[in-house]
Amino acid sequence: MKRIRILHLLKSDRPKDNVVIKGWVRTKRDSRGFSFLEINDGSCLKNMQVIADSSLANYEEIKKITTGSAVAVTGSLMESPGKGQQWELKAEKVEILSIAPDTFPLQKKRHSDEFLRTIAHLRPRTNKYGALFRIRSELSLAIHKFFREKGFQYIHSPVLTGSDCEGAGELFKVTALDLNNLPQKDGKADFSLDFFGMEANLTVSGQLSAEMFALAMGDVYTFGPTFRAENSNTSRHVAEFWMVEPEMAFSDLADNMNLGEEFLKYLTGYIMDACGDDLELFAKYVDKNLMTTLEGLISSDFTRLSYKEAVEILDKSGQNFEFEVGFGLDLQSEHERYLTEHYFKKPVIVYDYPKNIKPFYMRINDDNITVAAMDILVPRIGEIIGGSQREERLDKLETRMDEMGISKEQYWWYLDSRRYGTAPHCGFGLGFERLLMFLTGVINIRDVIPFPRTPNSISF
RNA sequence: UCCCCAGUAGCUCAGUUGGCAGAGCAAGUGGCUGUUAACCACUAGGUCCGCGGUUCGAGUCCGUGCUGGGGAGCCA
C-alpha cells in the first residue's frame, strides 16, 4: 500500500481507515498499556502522533524504538481526544524499518547551530533545518514562477569557463592534468596540453553568458551554482553558492531597479503565503522581528538615491564609522547598514556609483565619472542585489577594457555582441543564500545551504 | 588574511581564591490508564581539545598548536 504524506493526512477533513505513513521517530512516550510515537516524514513541520497499543503483536519490539528510528505505520486516522493535535493515527501495524542505536546524535532538546554543522548530514532531521530546507525548495520554485510570469526564459549558463568573467573574486582552477606530474613550459604549467587546451575555471558568475542570450531572446535569467576561492571566513560567505541573474534587453537602469524591487516583493510574499508554518518557527525562535521586517519590505516603496546623495547623508550623519566615507570610496558594510537600518529604516537602492570601484562592463554615464550601477540594500543583510545597465557601445566598452587592462582578445565573443545588433540592456545578480537569510532571520550563511563549503571544510 | 572570544559526559552547560569532576536532557532498568521537548525512581557514562611549563597540587595560571565562533577585509 502506498504511503500517504503526513502533510496531506493532517489536512484531512474526516477520519480515514487503512492509511500508511512512513517516517522517522522524533520521540516516544510510553504509558501503561500503550505508547505514543511522534512520526515526522519531512513533508511538513508537524509530526503525526501514533498510538501503539500493547495488543499489537510486536509490542515488545515497539517498546525498544528509539529517537531517529525509521518506521512504517498502518492504521486509522481518528480525532485525537488529547489536546495539542486534531488527528492521531491508531496503529494496526507498526513495522520497524530500522532501529537507531543509542549513538544517534540528535536529542529531543535544542542543539546549537555550531554542533549541527558538524553533523550536516543529520540536521535536516531537526525541526529548524527541515523547515529551512522546505523554504529553500519553495523559494527556488518561486524564482522560476516569477520569471515565467514575466516572460523571461531560463538559461543554463556553464559551470566550467575559460574566461574569468568580471574578475570577481578568486577562481577555482579546473584541470585534468596530473597535478603530481604537471607538464611544464618555460617554467610554468603547460595548459595547452590540458583537457580544454587552455586554463579553465569554475564559474564565478553567469552574467556574461546571460547577456549573450538576452541579446537574442529578450529577457532571460540564470539560476545556478557559482564558485569563489576567496579565503573568506565570515557568516556571509561560502565558496559554493547559488546566484540568480536576470538580464533584460532594451531596458535601462530604472527598469532594472523596478525589476529588482518587484522581484524581492514577489518572493517575500510568496514565501509568507506558501510556507506559513515553517516561517512561523523562524519568527518564534530565530528572529522575533521577522514578520515586521518582511511585511515592511512588501509594503514600502524602496528609497532610491544616488551614490553621491548616499555619501552626503553618511557624511552628515555624525556617526563614528570605522571606515572613511567619501566620493570614490566604496560603501562598507557599516555604511550600507546605517542607510537601510537606521536612516531610512527600509530597503534602499543606491545607484550611479563611481566607475573606479565598479567592473568594466557597466555603462558609463554622461558625466564620464559614474556608471549606471545599482545596489539594493536591505536591513540585516546589507547588499542583497547588485546590478547595472551594461555598456552596449563598442567604442566605450573597448576604451574601458583598455583602461582596466582587460584582454579584448579573450573576450572577442563578448565584444561581438556589441558589433552585431547591440542594444541597451541591463541585469542584476542576487545571492540566493543571502535572500534565504533575509527571509528566515538566520544569521549564518552556512545554515541556509545543505552542505556548506568554506575554507578547510568540505567533509560532506 | 587580520582582530577578539571559546573548547568540561552523546548534547546543553555549571565548576567560586589553584585543593574529591557536577546538573539537566539523551542512553539503560523499573514504574505510571491519554501523553505533548510527558512524568517519577534508579543505573551507567569523563584523555576537562592536544603538547609543554609553573606549582606540594592545574578543569582553573602561563606558552604553543588545533578546532569552532564573532567581527573586519574580499564579495553575493
Side-chain angles (χ1 to χ4, degrees), chain A residues 26-38 40 46-54 63-64 66-68 78-85 88 90 99-119 122 126-127 166-170 204-207 225-245 285 321-323 330-334 336-337 357-359 375-378 381-387 428-438 443-449 454-457 459:
Chain A
R26 283 294 173 77
T27 177
K28 178 168 67 73
R29 296 182 288 271
D30 294 325
S31 207
R32 190 177 175 78
F34 60 100
S35 299
F36 297 95
L37 296 172
E38 292 284 343
N40 189 282
K46 290 197 173 77
N47 302 321
M48 176 58 77
Q49 175 164 286
V50 169
I51 313 298
D53 195 83
S54 60
K63 283 210 287 190
K64 292 179 190 154
T66 53
T67 298
M78 316 174 91
E79 298 245 14
S80 176
K83 285 178 189 154
Q85 63 282 316
E88 64 186 25
K90 176 94 164 85
I99 291 283
D102 61 12
T103 49
F104 184 64
L106 292 172
Q107 62 178 32
K108 296 175 200 174
K109 284 202 172 189
R110 194 186 163 276
H111 289 279
S112 67
D113 293 323
E114 292 80 12
F115 171 68
L116 291 171
R117 263 171 235 152
T118 68
I119 49 166
L122 295 174
T126 64
N127 286 340
E166 41 187 295
E170 293 293 312
V204 291
S205 164
Q207 180 195 314
T226 50
F227 307 87
R228 307 273 168 96
E230 283 148 16
N231 187 15
S232 296
N233 292 282
T234 82
S235 53
R236 301 182 310 282
H237 294 87
V238 277
E240 176 180 315
F241 64 99
W242 285 61
M243 195 147 63
V244 184
E245 293 173 291
Y285 298 113
F321 292 119
E322 189 184 341
F323 289 89
D330 209 354
L331 299 181
Q332 302 292 328
S333 303
E334 56 176 346
E336 295 177 345
R337 294 188 64 168
I357 55 171
K358 291 292 183 185
D375 285 356
I376 302 187
L377 316 177
V378 295
I381 306 292
E383 181 186 335
I384 197 165
I385 279 180
F428 61 76
L430 170 134
F432 184 63
E433 282 74 22
R434 292 210 179 153
L435 178 60
L436 257 175
M437 291 167 74
F438 175 76
I443 54 173
N444 195 312
I445 197 168
R446 300 175 184 99
D447 298 333
V448 297
I449 189 165
T454 51
N456 293 315
S457 174
S459 304

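Using the Watson-Crick or G-U wobble rule with both distances under 3.5 Å, G18(B) pairs with nothing in any strand shown. With a 3.5 Å ceiling on both atom-pair distances, U36(B) lacks any Watson-Crick or G-U wobble partner. The pairing partner recorded for C2(B) is G71(B), the criterion being a Watson-Crick or G-U wobble arrangement whose two distances lie under 3.5 angstrom. Under the Watson-Crick or G-U wobble criterion, with both distances below 3.5 Å, U43(B) is paired with A27(B). Partner assigned to G59(B) is none, using Watson-Crick or G-U wobble distances below 3.5 angstrom.
One P atom belongs to G10(B), the other to A26(B), and the distance between them is 16 Å to the nearest Å. When the P atom is compared between A6(B) and G15(B), the two are found 13 Å apart, to the nearest whole Å. Of the P atoms belonging to U36(B) and C25(B), the separation is 14 Å, rounded to the nearest Å. For the P atom pair drawn from G34(B) and A38(B), the interatomic distance equals 15 Å after rounding to whole Å. When the P atom is compared between G22(B) and A27(B), the two are found 24 Å apart, to the nearest whole Å. Across A44(B) and A9(B), the matching C1' atoms stand 11 Å from one another, rounded to whole Å. Using C1' as the reference atom, U12(B) and U17(B) are 28 Å apart when rounded to the nearest Å. Using C1' as the reference atom, G50(B) and G59(B) are 15 Å apart when rounded to the nearest Å.
Once rounded to the nearest 0.5 Å, the distance linking CZ of F438(A) with CD1 of I381(A) reads 7.5 Å. Rounding to the nearest 0.5 Å gives a distance of 5.0 Å between CG of N231(A) and CG of N233(A).
For the pair V204(A) and R228(A), the tightest heavy-atom approach, listed with the atom from each and the gap, is O-NH2, 2.7 Å. Nearest heavy-atom pair across M437(A) and I443(A) is CE-O, 3.6 Å.
Summarising the geometry, the separation between CG on N233(A) and P on U67(B) is reported as 11 Å, rounded to the nearest angstrom. Across the protein-nucleic acid pair, K64(A) atom NZ and G30(B) atom P stand 10 Å apart, rounded to whole Å. Regarding D447(A), its CG atom lies at a distance of 12 Å from the C1' atom of G69(B), rounded to whole Å. Atoms CG (N231(A)) and P (C75(B)) sit 14 Å apart, rounded to a whole Å. Remark: C1' of U67(B) and CZ of R446(A) are 13 Å apart, rounded to the nearest angstrom. Across the protein-nucleic acid pair, E383(A) atom CD and C74(B) atom P stand 11 Å apart, rounded to whole Å. Atom CD in Q332(A) sits about 11 Å away from atom C1' in C75(B), given to the nearest Å. Separating the CG atom of L122(A) from the C1' atom of C11(B) is a distance of 14 Å, rounded to the nearest angstrom.
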(Q) Return a single string for nucleotides 34-50 of chain B, one symbol per nucleotide in 5' to 3' order, where B is base contact, S is sugar-phosphate-only contact and - is none, cutoff 4.0 angstrom on heavy atoms. (A) BBBBB------------
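No engagement by L106(A) is indicated, since no non-hydrogen atom pair under 4.0 Å with the nucleic acid exists. Nucleic acid contact class of S35(A) (heavy atoms, under 4.0 Å, all strands): none.
The nucleotide whose nearest atom lies closest to any side-chain atom of H237(A) is, among C25(B), C74(B), G70(B), C74(B). Taking only side-chain atoms of F323(A), from C-beta outward, the nucleotide of C75(B), A72(B), G69(B) with the closest atom is A72(B). Which of C75(B), C11(B), A27(B) sits closest to the side chain of T67(A) comes down to A27(B). Considering only side-chain atoms of N444(A), the nucleotide from C75(B), G73(B), G69(B) that sits closest is G69(B).
Between G429(A) and H111(A), the residue anchored closer to the 5' end of RNA chain B is H111(A), taking for each the nucleotide with the nearest heavy atom. If you find the closest nucleotide of RNA chain B to G386(A) and to P455(A), the one lying nearer the 5' end belongs to P455(A).
In this structure the side chain of R117(A) reaches within 4.5 angstrom of the side chain of N444(A), judged on heavy atoms. The side-chain heavy atoms of P225(A) and W242(A), taken from C-beta on, include a pair separated by under 4.5 Å. Inter-residue side-chain proximity for L106(A) and T67(A) is flagged as unmet; no heavy-atom pair is nearer than 4.5 Å.
Residue S333(A) places at least one side-chain N or O closer than 4.0 Å to OP1 or OP2 of G73(B). Note on R236(A): every side-chain N or O is 4.0 Å or more away from OP1 and OP2 of C74(B). For the pair S235(A) and G71(B), the criterion of a side-chain N or O lying under 4.0 Å from OP1 or OP2 is met.
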Q: Apply side chain to side chain contact (heavy atoms under 4.5 Å, CB included) to I384(A) and L435(A), showing your working.
A: CA-CA 7 Å; I384(A) 197 165; L435(A) 178 60; 3.9 Å; yes
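The main-chain N or O of G82(A) is found under 3.5 Å from a side-chain atom of S80(A) such that the two form a donor-acceptor pair. Not a single donor-acceptor pair under 3.5 Å links the side chain of E334(A) to the backbone N or O of F321(A).
Scanning atom types as modelled, one donor and one acceptor separated by under 3.5 angstrom connect the side chain of Q107(A) and the base of G10(B).
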